[in-house]
Trainee: 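Take this structure, written in structure tokens, and hold onto it; I'll ask about it next.
Each chain gets a letter, A, B and so on, in the order its sequence line appears, and its residues count up from 1.
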Amino acid sequence: MTTHEQQGKAQQEAKLFFSRFLLEWYQGQKRDLPWRRHRNPYYIWISEIMLQQTRVDTVIPYFNRFIERFPTVESLADAPEEEVLKCWEGLGYYSRARNLQHAARQVKEQYGGQVPDDRDAVFGLKGVGPYTAGAILSIAFNRPEPAVDGNVMRVLSRYFLIEDDIAKGPTRVAMERLAAELIPEGEASHFNQALMELGALVCTPKSPRCLPCPVMEHCAARLAGCETSLPVKTKAKPPRPEERLAALVEGCGEHAGRVLIRQRPSSGLLARMWELPHWPAPPAEGGAAGALLPEAAALDRLRRSLRQAGIPARPAEHWMAAEHTFSHIVWTLQVYRCREEDVRALPLAAEGRTAYAAVLSPGAGDAGLPDAADSVSVEPFADGTGSPEDGGAVRWINREDMANYAFPNVFLKLLNHYFDEQDSNQVNG
DNA sequence: AAAACGGGGAA
DNA sequence: TTCCCAGTTTT
């Protein structure tokens with residue numbers, strides 16, 4: 001027997017050992033999760049989309065609320081998009097929610113409301129890529145398809161001592177091939193879940209619990225003592241900082257007790273979510289990066305941004321700072337309290353009426369007078385996305401109205417904080 | 001192939 | 001703090 005054949009045989013034994021003992025371990029250790037209580041392909045699908053880049057404990061309450069509100073593919077397909085986004089509020093990666101509803105409509109119209117069980121059909125659903133297609137096909141339909149995510153790549157890279165960069169596409173493809181070979185006959189559903197369960201409970205990124213691991217004795221990385229240095233993954237570049245000025249506009253007159261919110265454009269960052277209006281802060285004088293913008297300069301910039309956006313409000317004073325971290329950007333928001341200008345109570349200035357009308361019926365007519373000083377640099381959406389016709393709708397809301405609009409977490413916290421403050425001011429006089 | 005796209009929990 | 005996770009889509 002050649003050396004090559006001996007290695008191949010050892011490798012084969014390692015694979016069989018892995019599959020057998022992992023499956024056995026899973027029978028005893030699997031967690032009781034809401035989407036594991038039924039073999040409902042719709043539930044599996046929803047859970048898999050929610051679980052993308054999101055931990056189980058975070059997903060559970062969202063999953064329960066979601067299937068209560070949208071119990072079937074058809075109910076999801078027929079729902080208003082705002083309700084779907086509201087159900088997703090706080091989960092992040094909101095394109096997942098919008099793609100999911102798009103796909104629900106695909107399933108309703110193309111597959112009679114039944115989640116398809118063939119590879120091409122599943123893969124063709126919006127928001128379903130290589131991992132999720134494999135997960136749905138294997139977990140819901142027991143098809144022998146690999147479901148390889150970062151977790152599975154971590155387990156496999158350690159057990160088989162694979163030092164390829166898992167951030168590279170070809171590495172994932174190789175892992176899929178390997179994962180497919182490992183699936184025991186007729187056990188795709190349990191085995192794929194077992195692989196992910198092991199990654200979640202035992203073979204964790206930082207401090208793997210090797211002693212209770214069911215496959216430790218043949219784990220190549222463990223035997224080589226290098227389990228904590230795997231998998232190899234090129235690290236993402238750090239997010240870029242962005243200083244922004246936000247307006248918390250307090251209503252007057254018929255808007256008393258309410259604040260103004262604005263809807264984001266249909267594409268790009270936080271698409272179609274609601275927020276406090278905000279714009280990039282101009283660089284501070286003196287050039288020192290991160291230097292605080294003088295209050296007067298901030299108020300002036302905010303005044304012009306508000307006017308440019310057609311929002312009749314006067315910045316008053318700094319309220320608080322808030323930070324919001326995305327994977328690629330870090331926003332530092334300096335939030336200023338602003339006061340709505342009640343144009344009806346003012347002398348009849350034409351420009352004020354025009355701006356006010358623009359707020360009452362957004363998109364209808366010109367959004368305020370172009371101010372010579374403003375027309376140079378301030379965009380309606382300084383993210384560089386969208387257009388004045390897309391997004392930019394505004395509403396005056398109180399705390400109760402928040403239930404009708406989906407907000408990114410940072411604005412959810414700011415608004416709740418603000419209304420809490422208002423309530424305590426009421427009580428204390 | 002690289003960047004865009006949220007948020008929170010663990011170490 | 002830093003890392004990184006049950007990824008997909010767009011560029």
Trainee: Does Gly90(A) reach a base, just sugar-phosphate, or nothing at all? Heavy atoms under 4.0 Å.
Mentor: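 Result for Gly90(A) = sugar-phosphate.
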Trainee: Out of dA6(C), dG7(B), dG9(B), which has the shortest distance to the side chain of Leu51(A)?
Mentor: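 Closest nucleotide to the Leu51(A) side chain: dA6(C).
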Trainee: For the backbone of Thr171(A) and the side chain of Asp164(A), can you confirm whether one donor and one acceptor N or O come within less than 3.5 Å of each other?
Mentor: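 Not confirmed, Asp164(A) side chain does not pair with Thr171(A) backbone.
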Trainee: Remember a base hit wins even if backbone is also touched, and classify Arg36(A) as base, sugar-phosphate or nothing at under 4.0 Å, heavy atoms.
Mentor: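 Arg36(A): base contact, heavy atoms under 4.0 Å.
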Trainee: Would you tell me if any nitrogen or oxygen in the side chain of Lys233(A) comes within less than 4.0 Å of OP1 or OP2 on dC5(C)?
Mentor: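 Indeed, a polar side-chain atom of Lys233(A) lies that close.
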Trainee: Do Trp319(A) and Glu421(A) get their side chains close enough for a donor-acceptor pair, meaning under 3.5 Å?
Mentor: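 The answer is yes; a qualifying pair exists.
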Trainee: Go through dG7(C), dA6(C), dC5(B) for me and flag the one nearest to the Gln52(A) side chain.
Mentor: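 Given the options dG7(C), dA6(C), dC5(B), the side chain of Gln52(A) is closest to dG7(C).
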Trainee: So, do Phe66(A) and Phe70(A) have ring centers that fall under 6.0 Å from each other?
Mentor: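 Between Phe66(A) and Phe70(A), the centre distance is under 6.0 Å.
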Trainee: Only one of Arg36(A), Lys30(A), Arg31(A) passes side chain to side chain donor-acceptor pair (under 3.5 Å) with Gln193(A); say which it is.
Mentor: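 Filter result, single survivor: Arg36(A).
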Trainee: Pick the nucleotide of DNA chain C nearest each of Lys206(A) and Arg31(A); which residue has the one closer to the 5' end?
Mentor: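 Its nearest nucleotide lies further toward 5', so the answer is Lys206(A).
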Trainee: Name the stems that DNA chain C belongs to, where each is three or more consecutive Watson-Crick or G-U pairs with both distances under 3.5 Å?
Mentor: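 In DNA chain C, stems of three or more pairs: B:1-5 with C:7-11.
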Trainee: Is the shortest heavy-atom distance from the side chain of Leu333(A) to the side chain of Phe411(A) under 4.5 Å?
Mentor: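 Touching, per the 4.5 Å side-chain cut-off.
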Trainee: At under 4.0 Å between heavy atoms, what does Asn99(A) touch on the DNA or RNA strands: base, sugar-phosphate, or nothing?
Mentor: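 Sugar-phosphate only.
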Trainee: Tell me whether the rings of Tyr42(A) and Trp45(A) are parallel (<30°), tilted (30 to 60°) or perpendicular (>60°).
Mentor: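 Perpendicular: the ring planes of Tyr42(A) and Trp45(A) meet at over 60°.
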Trainee: Mapping Gly169(A) and Ala271(A) onto DNA chain B by nearest heavy atom, which one lands closer to the 5' end?
Mentor: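 Upstream on the strand: Gly169(A).
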Trainee: Between the side chains of Ser138(A) and Asn192(A), is a donor N or O closer than 3.5 angstrom to an acceptor N or O?
Mentor: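 Their side chains do contain a donor-acceptor pair, which is all the 3.5 Å distance test asks for.
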Trainee: Strictly by modelled atom types, are Asn151(A) and Arg154(A) linked by a side-chain donor-acceptor pair under 3.5 Å?
Mentor: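 Side chains of Asn151(A) and Arg154(A): pair found under 3.5 Å.
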Trainee: Take atom CZ of Arg264(A) and atom C1' of dC5(B), then tell me their distance rounded to the nearest Å.
Mentor: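 So the CZ-C1' distance, Arg264(A) to dC5(B), works out to 12 Å.
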Trainee: Can you tell me, in whole Å, how much space there is between the C1' of dG7(B) and that of dT2(C)?
Mentor: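 15 Å, rounded to whole Å.
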Trainee: Nearest to the side chain of Val56(A), heavy atoms from C-beta on, is which of dG7(C), dG7(B), dA6(C)?
Mentor: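 Looking only at heavy atoms from C-beta outward on Val56(A), the closest nucleotide is dA6(C).
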Trainee: For dG8(B) and Asn409(A) - does any side-chain N or O of the residue sit under 4.0 Å from the phosphate oxygens OP1/OP2?
Mentor: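 Answer is yes, contact under 4.0 Å.
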Trainee: Taking for each residue the nucleotide of DNA chain B bearing the nearest heavy atom, is the 5' side occupied by Lys237(A) or by Arg96(A)?
Mentor: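 The answer here is Lys237(A).
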Trainee: Relative to each other, are the rings of Phe160(A) and Phe18(A) parallel, tilted or perpendicular (30° and 60° limits)?
Mentor: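 Because their plane-to-plane angle lies in the 30° to 60° range, the rings of Phe160(A) and Phe18(A) count as tilted.
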Trainee: In whole angstrom, give me the gap between the P atoms of dA6(C) and dA11(B).
Mentor: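 Between the two P atoms, the distance is 13 Å.
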Trainee: Check whether any side-chain N or O of His328(A) sits under 4.0 Å from OP1 or OP2 of dA3(B), and answer yes or no.
Mentor: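 It does not, given that no N or O in the side chain of His328(A) lies less than 4.0 Å from OP1 or OP2 of dA3(B).
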Trainee: Say we look at dC5(B) and dC5(C): how far apart would their C1' atoms be, to the nearest angstrom?
Mentor: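 About 15 Å, rounded to a whole number of Å.
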Trainee: Of the candidate nucleotides dA4(B), dG9(B), dC3(C), which contains the atom at the shortest distance from the side chain of Arg55(A)?
Mentor: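 Of the options given, the side chain of Arg55(A) lies nearest dG9(B).
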Trainee: To the nearest Å, how far apart are Ile60(A) CD1 and dG9(B) P?
Mentor: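 The answer, rounded to whole Å, is 12 Å.
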Trainee: Would you kindly give the CZ-to-C1' distance between Arg172(A) and dT8(C), to the nearest whole Å?
Mentor: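 Taking CZ of Arg172(A) and C1' of dT8(C), I get 10 Å after rounding.
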Trainee: Which residues in residues 120-157 of chain A have at least one heavy atom lying under 4.0 Å from any atom of DNA chain C?
Mentor: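 Listed by number, they are Lys126(A), Gly127(A), Val128(A), Gly129(A), Pro130(A), Tyr131(A), Thr132(A), Asp149(A), Gly150(A), Asn151(A), Arg154(A).
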Trainee: Rounded to whole angstroms, how far apart are CD on Glu176(A) and P on dG7(C)?
Mentor: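 In whole Å, dG7(C) P lies 13 Å from Glu176(A) CD.
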Trainee: Tell me whether the rings of Phe326(A) and Trp331(A) are parallel (<30°), tilted (30 to 60°) or perpendicular (>60°).
Mentor: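 The rings of Phe326(A) and Trp331(A) stand perpendicular, inter-plane angle above 60°.
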Trainee: Please determine which of Ile60(A), Leu91(A), Val56(A) meets the side chain to side chain contact (heavy atoms under 4.5 Å, CB included) test together with Met50(A).
Mentor: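 The passing option is Leu91(A).
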Trainee: Parallel, tilted or perpendicular for His38(A) and Tyr43(A), by the 30°/60° rule?
Mentor: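 Ring orientation of His38(A) relative to Tyr43(A): perpendicular.
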Trainee: Measure from the side chain of Pro205(A), starting at C-beta and using heavy atoms only, and say which of dA2(B), dG6(B), dC4(C) lies closest.
Mentor: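 It is dC4(C).
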Trainee: Between dT11(C) and dG6(B), how far apart are the two P atoms, rounded to whole Å?
Mentor: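 It comes out at 15 Å once rounded to the nearest Å.
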Trainee: Between dT9(C) atom P and Gln53(A) atom CD, what is the distance in whole Å?
Mentor: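 Computing the Gln53(A):CD to dT9(C):P distance gives 13 Å.
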Trainee: What is the distance, to the nearest angstrom, from the CH2 atom on Trp35(A) to the C1' atom on dA6(C)?
Mentor: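 Taking atom C1' of dA6(C) as the reference, CH2 of Trp35(A) is at 9 Å.
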Trainee: Please check the phosphate of dG7(B) (OP1 and OP2 only) for any side-chain N or O of Tyr94(A) closer than 4.0 Å.
Mentor: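 Yes, within the criterion.
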Trainee: Look at the side chain of Glu48(A) and decide which nucleotide, out of dA6(C), dA1(B), dA4(B), has an atom nearest to it.
Mentor: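 Nearest listed nucleotide: dA6(C).
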Trainee: Once you apply a heavy-atom cut-off of 4.0 Å, does Leu270(A) come out as touching a base, just sugar-phosphate, or nothing?
Mentor: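 Sugar-phosphate: the residue Leu270(A), judged by heavy atoms under 4.0 Å, touches backbone atoms but no base.
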Trainee: Whole angstroms only, please: what is the CZ-C1' distance between Arg240(A) and dA3(B)?
Mentor: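 In whole Å, dA3(B) C1' lies 10 Å from Arg240(A) CZ.
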Trainee: Report the distance from atom CD1 of Ile329(A) to atom C1' of dC5(B), rounded to the nearest whole Å.
Mentor: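 That distance rounds to 9 Å.
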